[in-house]
Amino acid sequence: QVQLVESGGGLVQAGGSLDLSCAASVNTFSHYVTGWFRQAPGKEREFVAAIGWSAGGTNLADSVKGRFTISRDNAKNTVTLEMNSLKPEDTAVYYCAARRGTEIVRLVAGYNFWGQGTQVTVSS
């Protein structure tokens with residue numbers, strides 16, 4: 001069982017930046033594909049970004065390309081989502097998720113473990 005804990009959410013003005021961190025409870029976290037998803041009120045949970053075992057394998061949603069970066073520190077069992085040029089439409093609860101295997105997927109159902117979520121609010 002993998003426990004994931006997100007941190008770093010908060011309130012920021014449009015154009016600002018926030019870094020979200022996902023910490024895992026296992027030392028083998030480097031062997032899990034890790035993703036970030038978000039869910040706005042009244043909307044379905046959507047894919048934001050994911051990173052594979054190696055730092056070179058990443059995948060980002062078109063809506064965040066050029067603004068968000070995902071990275072991992074396997075020594076610290078953490079994955080970070082750096083969010084820049086934030087927009088009001090980025091407002092949502094952001095969830096960290098992990099899946100066994102090597103393939104990066106964008107489907108919610110493809111992930112085995114989830115964190116509790118952290119709120120990001122971008123004011124206009």
Side-chain angles (χ1 to χ4, degrees):
Q1 191 76 4
V2 178
Q3 292 184 327
L4 304 173
V5 178
E6 303 97 335
S7 61
L11 173 64
V12 64
Q13 289 187 333
S17 299
L18 277 176
D19 290 349
L20 302 183
S21 181
C22 174
S25 61
V26 293
N27 291 329
T28 56
F29 192 42
S30 60
H31 291 180
Y32 290 79
V33 171
T34 306
W36 286 95
F37 291 76
R38 65 187 182 188
Q39 188 167 18
K43 294 188 177 181
E44 293 186 353
R45 193 168 297 188
E46 66 174 2
F47 172 81
V48 176
I51 187 166
W53 288 20
S54 65
T58 63
N59 193 306
L60 287 92
D62 289 344
S63 59
V64 305
K65 280 182 181 177
R67 300 189 298 123
F68 292 11
T69 303
I70 186 170
S71 61
R72 70 188 310 150
D73 185 336
N74 290 331
K76 296 182 178 179
N77 296 323
T78 59
V79 169
T80 299
L81 184 67
E82 298 178 40
M83 306 186 295
N84 299 308
S85 302
L86 283 162
K87 304 175 182 179
E89 50 263 45
D90 294 318
T91 295
V93 177
Y94 283 70
Y95 297 89
C96 176
R99 68 182 302 272
R100 299 184 185 95
T102 59
E103 184 180 4
I104 293 177
V105 301
R106 294 186 168 201
L107 296 175
V108 169
Y111 289 79
N112 309 102
F113 307 101
W114 292 84
Q116 81 288 349
T118 185
Q119 177 70 46
V120 171
T121 303
V122 184
S123 63
S124 58

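As a basis for the values below, the full set of heavy atoms in this structure was taken, side chains included, without hydrogen atoms, waters or symmetry mates. Just so it is clear, the model here is predicted, and its values are computed rather than measured.
- Here CG of D73 is found 4.5 Å from OG1 of T78. Values are rounded to the nearest 0.5 Å.
- A pairwise comparison of heavy atoms in G110 and V105 identifies CA-CG2, 4.1 Å as the closest pair.
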For F68 and W36: C-alpha separation, side-chain torsions, deciding distance, then whether side chain to side chain contact (heavy atoms under 4.5 Å, CB included) applies.
CA-CA 11 Å; F68 292 11; W36 286 95; over 6 Å; no
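- You'll find the side chain of V26 stays beyond 4.5 Å of the side chain of N77, heavy atoms only.
- Residues L4 and F29 are in side-chain contact: their nearest non-hydrogen atoms beyond the backbone lie under 4.5 Å apart.
- Nearest heavy atom pair, residue S124 against residue A14, reads CA-CB, 4.4 Å.
- Residue L20 comes nearest to V120 through the heavy atom pair CD2-CG2, 4.0 Å, listed as atom of the first residue, atom of the second, then distance.
- The shortest heavy-atom contact between A24 and V2 is CB-CG1, 4.4 Å.
- For the pair I70 and V79, the tightest heavy-atom approach, listed with the atom from each and the gap, is CG1-CG1, 3.8 Å.
- Expressed to the nearest 0.5 Å, how far CG of L60 lies from NZ of K65 amounts to 7.5 Å.
- Sorted by first and then second residue, the side chain to side chain donor-acceptor pair (under 3.5 Å) pairs involving residues 88-100 (not counting sequence neighbours) are R38-D90, R38-Y94, R67-D90.
- Within the structure, every pair that satisfies the side chain to side chain donor-acceptor pair (under 3.5 Å) test and touches residues 102-118, not counting sequence neighbours, is listed here: E6-Q116, N59-R106.
- In E46, the CD atom is crowded: over 12 heavy atoms of neighbouring residues, nucleotides or ligands sit closer than 6.0 Å.
- Of the possible polar contacts, one joining the R72 side chain to the G52 backbone as a donor-acceptor pair under 3.5 Å is found.
- Nearest heavy atoms, C96 versus T34: SG-CG2, 3.8 Å.
- For residues 9-21, the set of pairs meeting the side chain to side chain donor-acceptor pair (under 3.5 Å) definition, not counting sequence neighbours, comprises S17-N84.
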